[in-house]
Asks: 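Please see the structure below; I have some questions.
Chain naming here is simple, since letters A, B, ... match the order of the sequence lines and numbering starts at 1 in each.
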2 protein chains.
Amino acid sequence: MEKELLTEEKIAEAAREVFIEKGMNGARMQEIADKAGINKSLLHYYFRTKEKLFAFIFSKLIHRIGDRLENLMQEGVSIEDKVKGYVELYIDILLKNPFLPNFILNEVTRNPDAIFEGFAAAKINPQKFFAPLENQLKAEGYNIDPRDFVINILSMVIFPLAGRPILEHIVFNGDKKAYKDYILSRKKSIVEFVMFALEGYKKLEVRD
Amino acid sequence: MEKELLTEEKIAEAAREVFIEKGMNGARMQEIADKAGINKSLLHYYFRTKEKLFAFIFSKLIHRIGDRLENLMQEGVSIEDKVKGYVELYIDILLKNPFLPNFILNEVTRNPDAIFEGFAAAKINPQKFFAPLENQLKAEGYNIDPRDFVINILSMVIFPLAGRPILEHIVFNGDKKAYKDYILSRKKSIVEFVMFALEGYKKLEVRD
DNA sequence: AAAAAGTTTGACCAAACGGTAAAAATATTT
DNA sequence: AAATATTTTTACCGTTTGGTCAAACTTTTT
């Protein structure tokens, strides 16, 4: 009884890799089995269907992301330091997991309902997130919609990594090192760009 | 001879819709045939393989995008007006084609080589694009890396539309109208955000 | 050590898929 | 109108894919 730990973990790790790289549609149960060094039947023994295996992997992934978001909401940290911390953390994570952004964008489009159950289970709560942020922005004199603030930063961090092949080819002529150096340089330049923009919102009258 | 026009166009339109929504892997020849109101064999009569059909559709798409990019590079238009024009044009296009960003991000990851042949054929030339832009930015006193300038704007325009299901659910609690209104409001707010940021770059010393 | 429970394997299946071949229908040329 | 070329349909094929089943092997319980 209860010796299943090793095998199940090998499967989970293999499935995570294949799913993230190929997506639900592109992933093959055979490939996952091979990568885990086991039989395809054994895969169905542990996770009866592909759908169930996928749901399991995705749910774990979302939980990890939810936890990380939570950690970013500590009080007593200035807006600038939050921006800096967020940008650095996520660029590092995404550089190590190049397929993650596309994977999430994809699956969330392919099957929204199933995905959002995962979000709900991970207790990702936007109101707990936006309300304090809005207060802090106002307290530090930045009169910007907190949604714009968050979404603009998210965009500038994630998009260049999600669109890696495009940038790498079109902007950097296939020079992988130049691309990676550029992405790393964005740790500074995004913070700079955001803080310059925020400076402009200091001068604005309070709106509605 | 040469009556093939109608059928071929019906196929192209159906294929475009299915490919953009489901991607190359998710698309089914049968679904394309059904949507075009024809037989599956007839589909293979016009475009022998799925790969060929996909290449044809993708190539047309890239060409249209390349043309639009070209139009945005006219001289004699201020940076602010270029930002404004670009943001408005692309938000409108992407609102009408919700699956386009994810589709391109996806296919470019799935099969880069084939895709970049398409880019090359569409004569998308980054150097012709970045050099004049850098000059104009400097001429107007904005000491910012033109790559940051372009990529940040691209990010802020495309990402919230590529991640529509996520934003719609997490930020707007499934309220589609609230989401769409917000995206439309970004036509102004992105320009504002960018111009505020650019203001900061005016004060910077010229860097290498 | 026998029985029972859990794990792993190999052989196999039905459905879905991309694709083909030849007949049938339609249009074009002579 | 007969012959020719083109377009469309019908029926089918080989592979791939997710999934099953019973047998074999291993571990745990009695």
Asks: In whole angstroms, how far is the P atom of D:dT8 from the NE2 atom of B:His44?
Replies: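 Distance check: B:His44 NE2 to D:dT8 P gives 16 Å.
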
Asks: Specify the separation, in whole Å, of atom OH of B:Tyr45 and atom P of D:dT6.
Replies: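 Atom-to-atom, B:Tyr45 to D:dT6, this comes out as 7 Å.
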
Asks: Between C:dT8 atom C1' and A:Lys40 atom NZ, what is the distance in whole Å?
Replies: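 The answer, rounded to whole Å, is 15 Å.
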
Asks: Using whole Å, what does the distance between atom C1' of nucleotide C:dA27 and atom CG of B:Leu6 come to?
Replies: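 Between C1' of C:dA27 and CG of B:Leu6: 15 Å.
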
Asks: If you compare every side-chain N and O of A:Thr7 against the phosphate oxygens of C:dT7 (OP1, OP2), does one of them come in below 4.0 Å?
Replies: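 Looking at the OP1 and OP2 atoms of C:dT7, neither is under 4.0 Å from any side-chain N or O of A:Thr7.
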
Asks: Of all the choices, D:dT7, D:dT20, D:dT10, which nucleotide is nearest to the side chain of B:Asn39 once you look at every atom?
Replies: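 Taking heavy atoms from C-beta onward, the closest nucleotide is D:dT10.
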
Asks: Side chain of B:Tyr46 only, heavy atoms from C-beta on: which candidate in D:dT7, C:dG18, D:dG18 is closest?
Replies: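 The answer is D:dT7.
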
Asks: Rounded to whole Å, how long is the line connecting atom CD of A:Glu51 with atom P of D:dG19?
Replies: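 A:Glu51 atom CD is separated from D:dG19 atom P by 8 Å.
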
Asks: With sequence neighbours excluded, what pairs up with B:Glu140 under the salt bridge (charged side-chain N to carboxylate O under 4.0 Å, His left out) test?
Replies: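 B:Glu140 satisfies salt bridge (charged side-chain N to carboxylate O under 4.0 Å, His left out) with no residue once adjacent residues are dropped.
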
Asks: Between D:dG19 atom P and A:Lys50 atom NZ, what is the distance in whole Å?
Replies: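 Atom NZ in A:Lys50 sits about 8 Å away from atom P in D:dG19.
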
Asks: Rounded to the nearest Å, what distance is computed from the CD1 atom of residue B:Ile38 to the C1' atom of nucleotide C:dT26?
Replies: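 One finds 16 Å between C1' of C:dT26 and CD1 of B:Ile38, rounded.
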
Asks: If you only use heavy atoms from C-beta on, which nucleotide in D:dG18, C:dT7, D:dT8 is closest to the side chain of B:Leu42?
Replies: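 Of all the options, the side chain of B:Leu42 is nearest to D:dT8.
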
Asks: Please report the interatomic distance CE(B:Met29) to OG1(B:Thr49), rounded to the nearest 0.5 Å.
Replies: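 Atom-to-atom, B:Met29:CE and B:Thr49:OG1 are 7.0 Å apart.
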
Asks: Specify whether B:Tyr201 and A:Phe193 have parallel, tilted or perpendicular ring planes, treating 30° as the upper limit for parallel and 60° as the lower limit for perpendicular.
Replies: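 The arrangement is tilted - the two ring planes meet at 30° to 60°.
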
Asks: Calculate, to the nearest 0.5 Å, the distance between atoms CZ and CG belonging to A:Phe129 and A:Leu133 respectively.
Replies: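 CG of A:Leu133 is found 6.0 Å from CZ of A:Phe129.
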
Asks: Counting heavy atoms from C-beta on, name the nucleotide in D:dA11, C:dT9, D:dG19 closest to the side chain of B:Ser41.
Replies: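 Selected nucleotide (nearest to the side chain): D:dA11.
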
Asks: Considering only side-chain heavy atoms of A:Arg28, which listed nucleotide, D:dT10, D:dT8, D:dT17, is closest?
Replies: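 Taking heavy atoms from C-beta onward, the closest nucleotide is D:dT17.
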
Asks: Using a heavy-atom cut-off of under 4.0 Å over every strand shown, decide if A:Ala33 touches base, sugar-phosphate, or nothing.
Replies: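 Here A:Ala33 touches no strand at all.
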
Asks: Can you check the A:Phe47 CZ to D:dG19 P distance for me, whole Å?
Replies: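 Going from CZ in A:Phe47 over to P in D:dG19 covers 13 Å.
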
Asks: Within this structure, what is the CZ-CG distance for the pair B:Arg64 and B:Leu100, rounded to the nearest 0.5 Å?
Replies: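 Those atoms lie 8.5 Å apart.
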
Asks: In terms of side-chain heavy atoms of B:Thr49, which of D:dT9, C:dG19, D:dG18 is nearest?
Replies: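 That would be C:dG19.
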
